[in-house]
Chemist: 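Once you've had a glance at the structure underneath, I'll fire off some questions.
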Amino acid sequence: MNKTVSVLGSTGSIGTQSLEVCEKHGFRIAGLSANSNTDLLEKQSRKFRPDYVCIYDDKKYTEMKQRLSDTSVKVLSGMDGLCEIASLSQNDILLNSVVGMVGLLPTFTAINSGKDIALANKETLVAGGEIVMSSAKAKGVTIYPVDSEHSAIFQCLQGSRREHLSKIILTASGGPFFKKSYEDLKKVTKADALKHPNWSMGNKITIDSATLMNKGLEFIEAKWLFDLTPEQIEIVVHRQSVVHSAVEYNDFSVIAQLGVPDMKIPIQYALLYPDRLECPTKRLSLTDYGTLTFEKPDYETFKCLSTAIKAIESGGAYPCLVNSANEEAVKFFLDDRIPFIEIGEIVSSVMENFAPAQISCYEDVVKADISAREYVRNIIEK
């Protein structure tokens, strides 16, 4: 297929799998970016020969330039570099898979440039969902979901009339601490939290899966992506990660999307939509699994999940505040500064310690983000 793609976050889990898909289908790569992994970014640059690469860590800019000095690849750095790649005129689609709030401004930049987006950066819609979706609509830009759950819903909605939708069912693996009590969570280690039962992901997303914050963020994303009320979103724990999500219609028919737990499937659907071609992954054998189970989440023990839902029900800046507080708390946990259980305690405290505020522009998002991070640092460093 004759398509040109840029990948932000190309050295991460989603990014590397995205490049597998691009290679499989002969896509041209216009731009790549990494946070700080110069080794892998160099290898990718030499293999795919993009026009531009961006190393987000400014301190590694000189090193990256030296590594690629014998090539025609132009090296960029920092947020300016991410935004330049996001708005390249040659892009047919931008795949945004950076982690964290860093992904929001490049998304806005791509939208303002009229570029369609395959979105794997959760924080874009969690922090700025309303303004992102309204901007995309105004510019005629399509946002294709890359998260396996949102991709599943997107697929289940194909060929159906939107007014017939009753609710969506978001499935969750339950993470490594499924069925653990609050007391159990006080004893878990970083190594325990980084052992996801089904998916291979980056550290931040893996911790979010352990706290179930990941599912809370997906709940918020789903509200904006599919124009739903919180009451139209149900979360179900499905340990096998085979049913990626489902849609219930007004006649109570439920249509689900199934597949092996491999992110290349939703990545490829976002990049090739509406075409379906062979994917570089395994086929699903239901008989190999035998049994599929479904249970209710424990909202009381996993405070991040219940807080994220409360945040989107409250609206305004609360989703952004909760997301940024979580990002900061997870950093402290990964740095061995706080115990696992404290992530949920900190995130849930945001709802009681911030007054309601509105998000009407990008600057409002930035303001909320900064204040939430300062709040968390003050708690931990006092």
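Position 1 is the first residue of the sequence; numbering continues from there.
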Chemist: Could you tell me whether Lys264 and Glu278 make a salt bridge, using a distance below 4.0 angstrom between a side-chain N and a carboxylate O?
Modeler: no
Chemist: Indicate whether any N or O donor in one side chain lies under 3.5 Å from an N or O acceptor in the other, for Tyr249 and Ser160.
Modeler: yes
Chemist: Check whether any side-chain heavy atom of Gln158 lies under 4.5 Å from a side-chain heavy atom of Tyr273, and answer yes or no.
Modeler: yes
Chemist: Count I, L, V, M, F, W, Y as connected when their side-chain heavy atoms are under 4.5 Å apart, and connections chain through other members. Are Val347 and Leu334 then in the same cluster?
Modeler: yes
Chemist: May I ask you to say whether Asp147 pairs ionically with Lys122, meaning some side-chain N is under 4.0 Å from a carboxylate O?
Modeler: yes
Chemist: Without hydrogens or angle criteria, can the side chains of Ser13 and Gln17 be said to hold a donor-acceptor pair below 3.5 Å?
Modeler: yes
Chemist: Tyr362 vs Phe108 aromatic rings, parallel, tilted or perpendicular, using cut-offs 30° and 60°?
Modeler: perpendicular
Chemist: Do Gln90 and Tyr52 pair up side chain to side chain, a donor and an acceptor below 3.5 Å, judged on atom types alone?
Modeler: no
Chemist: Less than 4.0 angstrom from a charged side-chain N to a carboxylate O is my criterion; do Lys331 and Glu327 meet it?
Modeler: no
Chemist: How about Thr107 and Thr124: does a side-chain donor come under 3.5 Å of a side-chain acceptor?
Modeler: yes
Chemist: Of all heavy-atom pairs between Tyr289 and Leu284, which one has the smallest distance, and what is that distance?
Modeler: CE1-CD1, 3.7 Å
Chemist: Under a 4.0 Å threshold between the charged nitrogen and the carboxylate oxygen, would Lys215 count as salt-bridged to Glu218?
Modeler: yes
Chemist: With a 3.5 Å cut-off and no angle check, do the side chains of Asp184 and Ser181 form a donor-acceptor pair?
Modeler: yes
Chemist: Name the orientation class of the two ring planes belonging to Phe27 and His25 (parallel below 30°, tilted from 30 to 60°, perpendicular beyond 60°).
Modeler: tilted
Chemist: Judged by modelled atom types alone, do Asn326 and Asp208 share a side-chain donor-acceptor pair under 3.5 Å?
Modeler: yes
Chemist: Under a 4.0 Å N-O cut-off, is there an ion pair linking Glu23 with Lys47?
Modeler: yes
Chemist: How close do Met351 and Thr307 get, counting heavy atoms only, and between which atoms?
Modeler: CG-CG2, 3.8 Å
Chemist: So, Glu42 and Arg46, do they make that salt bridge, N to O below 4.0 Å?
Modeler: yes
Chemist: What about Phe333 and Phe340, are their ring centers closer than 6.0 Å?
Modeler: yes
Chemist: Does the distance from a Lys or Arg side-chain N to an Asp or Glu carboxylate O, for Asp369 and Arg373, drop under 4.0 Å?
Modeler: yes
Chemist: For residues Cys304 and Leu212, determine if any side-chain heavy atom of one lies less than 4.5 Å from a side-chain heavy atom of the other.
Modeler: no
Chemist: Check Ala222 against His150 and note the closest heavy-atom contact, atom names and distance.
Modeler: N-NE2, 3.5 Å
Chemist: Decide yes or no for Phe219 and Ile235: does some side-chain heavy atom of the first lie under 4.5 Å from some side-chain heavy atom of the second?
Modeler: yes
Chemist: Between Glu342 and Lys303, does any NZ, NE, NH1 or NH2 come within less than 4.0 Å of an OD or OE carboxylate oxygen?
Modeler: no
Chemist: Please determine, by modelled atom types, if Tyr375 and Ser349 share a side-chain donor-acceptor pair under 3.5 angstrom.
Modeler: yes
Chemist: Less than 4.0 angstrom from a charged side-chain N to a carboxylate O is my criterion; do Lys186 and Glu183 meet it?
Modeler: yes
Chemist: In plain terms, say whether Asp262 and Lys282 are close enough for a salt bridge, that is, a side-chain N and a carboxylate O under 4.0 Å apart.
Modeler: no
Chemist: What I want to check is whether the side chains of Arg49 and Gln44 have a donor and an acceptor closer together than 3.5 Å.
Modeler: no
Chemist: Are the charged groups of Arg67 and Asp39 less than 4.0 angstrom apart, N to O?
Modeler: yes
Chemist: Between Tyr144 and Tyr269, is the ring centroid distance below 6.0 Å?
Modeler: no
Chemist: Between the side chains of Gln66 and Thr62, is a donor N or O closer than 3.5 angstrom to an acceptor N or O?
Modeler: no
Chemist: Quick one: do Arg337 and Asp335 make a salt bridge, cutoff under 4.0 Å?
Modeler: no
